[in-house]
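By convention in this document, chain letters (A, B, ...) are assigned in the order of the sequence lines, proteins followed by strands, and residues within each chain are numbered from 1. Note that the structure is predicted; figures quoted are calculated from it, not measured.
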Amino acid sequence: MLIHEISRKIGITARAIRFYEQKGLLSPAKIKENGYRTYTEQDAWRLQTIISLREVGMTLDDIRQTLNQSDSSSQEEFIYALQLQRSMLFRQWTGMKQMIDTMDRMIHAAKVNQTLPTEQLYELAGHNKAMRDLRDSWRDHWDFDAKASQFDRQLKDENLSPNAAYEAALNLIARLVSPLIGKKGLDVGTATGNLAGKLQQLGASMSAIDQSKQMLKLCESKYPQIELKLGNVLAIPFMDGHFDIVVSSFALHHLTQPQRTLAWDEMLRVLKPGGRICLADYMLSDASEQSTYIAKIIASGANKLPMMHEEVELYPIHTDLIAWMKQHASQVASHRINELIYIVYAQK
DNA sequence: ATTCTCACA
DNA sequence: TGTGAGAA
């Protein structure tokens, strides 16, 4: 096939096809004497997948990497790339909604003022940017991909005092969100799926998200029935009003306080009217208890605990997370959620 | 008909 | 992320 023939067949310009080649996505054979490109069925297939991935917003760079991987290795990497793109679209989507909201405020400001409300506009734009930065601010400082294979074994380790009551906490959550039959639930930051799996077993139809590919892989092998998505709580990769129940266990302490506020908005967004949120996490009542606790962890040799990363606010949660939850509990009425349950899980 | 390059948005 | 024009 010559270039125009294939361009007609696929439905893109010949120019674009050469452009993709230049970007390293394609390497058609060339006829010796005149240098014309010739395209095989293989090339046509490849071109089709290129424009398919392009259609869902992947950059040419990402497409190149994805394609090169799927050439050599398994299907798995390819699916991961698709999941990654999907979660990125949700980030963009939440960003777009934020922009629209900002625009509405700008329009309102322009209406109430007769003159150009320069200051308000600037302020609104600043807030918009701050929110966008916040949304993109999640970093995995703990390397959960690397921790995945050890995760469940560590939980079972009796020496890790914070995790001794782990099972009990999950059971408490399950009890608090019951009845579960026929309910759609989301577990945020599911890791290897222990909480989601439990709720699923009790009759809920569970979805779960995690930002770690390896954690998801393990979760999938443990609980194949759970719908898993790659993504994080700052842009939950589900549509609005999708769940009866949103739960999270021992995940929120990995967020900073501003991130937590955003996480809360996201959990509300995906929750149906009348839905329930149930969150559990490590929480100590005051600073002295906190430092004692940290000392205890270090003494037990468990200094590899996820929340102990030195570059992050070291254990910022306890008191302010309690306050945060209480504050949002009072917000329930205004969001017309019938019932919000929060667990303050106090480590002895 | 096709290729390449330069410029352009 | 492409496109248009022009020379070969």
Starting from C1' on B/dT2, measure out to CG on A/Leu2 and report it in whole angstrom.
8 Å
A/Asp61 CG to C/dT1 C1', in whole Å, measures 12 Å
ILVMFWY cluster membership beyond A/Phe19 - transitive side-chain contacts under 4.5 angstrom:
A/Met1, A/Ile3, A/Ile6, A/Ile10, A/Ile12, A/Ile17, A/Tyr20, A/Leu25, A/Leu26, A/Tyr39, A/Leu47, A/Ile50, A/Ile51, A/Leu53, A/Met58, A/Leu60, A/Ile63, A/Leu67, A/Phe78, A/Leu82
Rounded to the Å, how far apart are A/Tyr39 OH and B/dA1 P?
16 Å
Would you name the heavy atoms of A/Met206 and A/Ala196 that are closest together and state the gap between them?
CG-O, 3.4 Å
Distance check needed: B/dT3 P versus A/Ile17 CD1, whole Å only.
10 Å
Given protein heavy atoms under 4.0 Å, the one-letter contact record of nucleotides 4-9 of chain B, with B base, S sugar-phosphate only and - none, is simply SBB---
Side chain proximity check, A/Lys147 to A/Gln214, heavy atoms < 4.5 angstrom
no
Would you mind listing the cluster partners of A/Met239? Hydrophobic ones only (ILVMFWY), side-chain contacts under 4.5 Å, chaining allowed.
A/Phe90, A/Trp93
Could you state the CG-P distance from A/Leu25 to C/dT1, rounded to the nearest angstrom?
10 Å
Spacing of A/Phe19 atom CZ relative to B/dT2 atom C1', expressed in whole Å:
19 Å
Using only side-chain N and O atoms of A/Thr13, determine if any of them is under 4.0 Å from OP1 or OP2 of C/dT3.
yes
Would you give the length of the straight line joining atom CG of A/Leu218 to atom OH of A/Tyr223, rounded to the nearest 0.5 angstrom?
11.0 Å
Separation of A/Glu33 atom CD from B/dT2 atom P, in whole Å?
15 Å
Roughly how many Å is it from NZ in A/Lys32 to C1' in B/dT2, rounded to a whole number?
19 Å
Is it possible for you to say whether A/Leu84 and A/Met215 belong to one hydrophobic cluster, with membership spreading through side-chain heavy-atom contacts below 4.5 Å?
yes
Consider the side chain of A/Ile3, meaning its heavy atoms from C-beta on, and name the nucleotide among B/dT3, B/dA1, C/dG2 that approaches it most closely.
B/dT3
Under-4.0 Å side-chain N/O to phosphate OP1/OP2 contact, A/Tyr20 with C/dT1:
no
side-chain hydrogen bond (donor to acceptor under 3.5 Å, both in side chains) evaluation trace for A/Thr192 with A/Lys222
CA-CA 8 Å; A/Thr192 63; A/Lys222 282 169 69 182; 3.2 Å; yes
